[in-house]
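The structure under discussion appears below in the form of structure tokens.
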Amino acid sequence: MYAEVIFPLKVKSFTYRLQSDMPPDLIGRIVRAPLGNQSLYGIICDVRETLAFEENVPFENINHRISKVKQIISIHEHFGSSTTISLIKWLSEYYISPLGAALSSYPFKEAIKIIEKFRLPNRDAFLANNYYSNNLHNVERDISLLFNAIQDANYKAFLLHSPSSFYQKSFLRNICEKAAANLSGAIFLVPEIMQIDDIANIMKKIFGERVCSIHSKQGNKKRIEVIKGILSGQHDIIVGTRSAILMPLKKISFIAVLNEHSISYKGEEGLRYNGRDVAIMRGFLEGIPVLLSSICPSIESFNNAKNRKYHLLKPSQRLIDMSDIKIKPFSSRRRPDIEIINMYDDENSGLSISKKVLLTAKKCLSANENMLFIVNKKGYSLITCRDCGYIFKCSNCKTPLIFYKKEGFLRCSKCGQEKRAPEGCNICRGMDLMPLGAGTERINEDISKFLNNEAILIEKNTQKLADNDSFIPFIIGRGHHIRRLSESIFKAVAFIDVDLYFLEPNYRANEKLFQEIIHFAELVKPDGCIYLQTRNPKNRILNFIKNYDFSGFYKNELAIRKEIGFPPFSRLILFNIFLKKEIDGDRNEFQRILSQRQEEGIEILGPIELQSLEKSQIHLRFLIKSKDRKRLNQLASSLKEAFNILKGVRVTTDVDPLRF
DNA sequence: AGCACGCCGACT
DNA sequence: GTCGGCGTGCTC
């Protein structure tokens, strides 16, 4: 008998010979096996009667290969549940990465450390003593009871379109209270670290010490401690960010993904999995319900609900009434008004803040109310020459340079190049330079100039408002830095330039704008107002937003996506290619391979050259796009293989990319 | 020529 | 992860 073993290394699996007296259920067990001149822990992913060879292995090599097969040193307990291996295989296939890279995304090495150090009691024994696992069949049935209002306890995905974050939390609390006695193992995902405590506190009231939380900024010691708790069975209710979805629970009955639309669920490095999508796949493989919820669901999830892949839960439905949700119905919380402000009406003022917004700000000031300014640009402004119209650009990458007034510098946001603020124009030698547009710094200046008041500038998303003792009425920040604050504290929000979203070369820009504004609506008092400053006041998207018209927006957006053939009507895989400079041949070779692989039904978009952070390399990027996910993945892995053979070429892929 | 260092690929 | 091979570049 032979076993395929995956190690937590960025490589494929390896074959080992098995001894004759083996414990049952080999698949998923942790093993120790020789590799190179060391021995490593890995995990069995397959068991075979005979050796399998890849095709094209010449005869004379077979004996050599057989002689290389070594024996496993020792065999241990399972890692996670019986479906762990299936999920690892799926991750590896879907995200076009070696099996070992998928295993590396798990807390596997931590688990090994813990097992080695603490000699944990066998968890099977531990669970047998636990009250909630005494009767598996009953558990199974009770979980289906839990969700009887929703459906039977087999795999089933639900999409809750929640009217507010408060509703979302109440819904989750109620479900968990009702199911508490029957829940053995659950994972609750939130997009941001800040939101963990909120959910964890709700869960602690229900589950007490069984609750633990997991996130990437926890520090190794704490992380090991938590994972130890999970492995020993002490913790089985996990609240955390993205990586929590891969925690090795022996048994799991429920997964919930809060704010499922958040792009924070998508990884930026390593195996770039989407925590939400992995949650769905894990739920499917484990045979348990998965709840996705959001105050503004993603287009993909909405589409899945529309196609009956997910069951859509709307708070108004009878379904919800049956689950004892004791909170106000959808309509009873008034949302703030949204007003579109045509900046052409203010053309002559030369200001970036409209008269109406200034007036509102003054009112806030006299009424001791807070107001939030969303400014999606860094620094003070761009610099332009009044004589010839030249806009100062980076000499490296032609990106417009950003002027930082306080520092007296121009800086390139792409490559980081800096220079002193110029005295005159590079092109016409004119001396009449002028700021163009407005970033956070300039809006800050305008506020103190016109409103005679200080503002707080939020520059990190971890920064909290409560740090300040004295009342400061105005807060300025870039959209993605202002994250969930616990209360509706603002009387008004002003989006300085919503048009920036429409200029973004990202097919998801509309969706992003919609989601952000719905987000901010939660921070505004019900009698408050959100102002959208624009030069396209008739824009359809803005009008859907103004009316909180979700179904209109989704219908419109899906029609656009269908028209341009982008997700959810196709799948995308993004390729980053890093070429060592001075190897001209390789760039041609790269192009040759790419054009050679053109096939019917798969589009290749690009490549384009990006500004590389390292000067010694060229960074190219292209997308492949198809309606046929399987064929797209096949092409992607064959491209990856072909590029990897080339010398001085490094490739990374991003399946279902969200940022471009 | 001889050695130090760093990158890359193999490991069953 | 760890090791060894090999190419680069610096020194004696």
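The sequence lines fix the lettering, A, B, ..., with proteins before strands; numbering per chain opens at 1.
- Rounded to whole Å, atom C1' of B:dC11 lies 16 Å from atom NZ of A:Lys10.
- A:Arg48 has its CZ atom 12 Å from the C1' atom of B:dT12, to the nearest Å.
- Side-chain proximity of A:Leu9 to the nucleotides C:dC3, B:dT12, C:dG1 is greatest for C:dG1.
- A:Tyr41 has its OH atom 19 Å from the C1' atom of B:dT12, to the nearest Å.
- Residue A:Leu40 is out of contact with every strand shown, counting any heavy-atom pair closer than 4.0 Å.
- For the pair A:Leu103 CG and C:dG1 C1', the interatomic distance rounds to 13 Å; values are reported in whole Å.
- One atom, CD1 of A:Ile645, and another, P of B:dA10, lie 11 Å apart when rounded to the nearest Å.
- To the nearest angstrom, C1' of B:dT12 lies 14 Å from CG of A:Asn37.
- A:Arg571 has a carboxylate O that lies under 4.0 Å from a charged side-chain N of A:Asp656, or vice versa, which qualifies the two as a salt bridge.
- Here the C1' atom of nucleotide B:dG9 and the CZ atom of A:Phe14 are 11 Å apart, to the nearest Å.
- Whole-Å rounding puts the A:Phe578 CZ to B:dC7 P distance at 16 Å.
- Among the atoms of the strands shown, base atoms are found under 4.0 Å from some heavy atom of A:Val11.
- Ion pairing of A:Glu504 with A:Arg508 is absent here, as no side-chain N (NZ or NE/NH1/NH2) approaches a carboxylate O to less than 4.0 Å.
- You'll find the ring centres of A:Tyr16 and A:Tyr2 outside the 6.0 Å limit.
- In the set C:dG1, B:dC11, B:dT12, the nucleotide with an atom closest to the side chain of A:Lys70 is B:dT12.
- Listed candidates were B:dT12, C:dC3, C:dT2. Nearest to the side chain of A:Gln38 is C:dT2.
- Ring pair A:Phe622/A:Phe643 is perpendicular by interplanar angle, where above 60° counts as perpendicular and below 30° as parallel.
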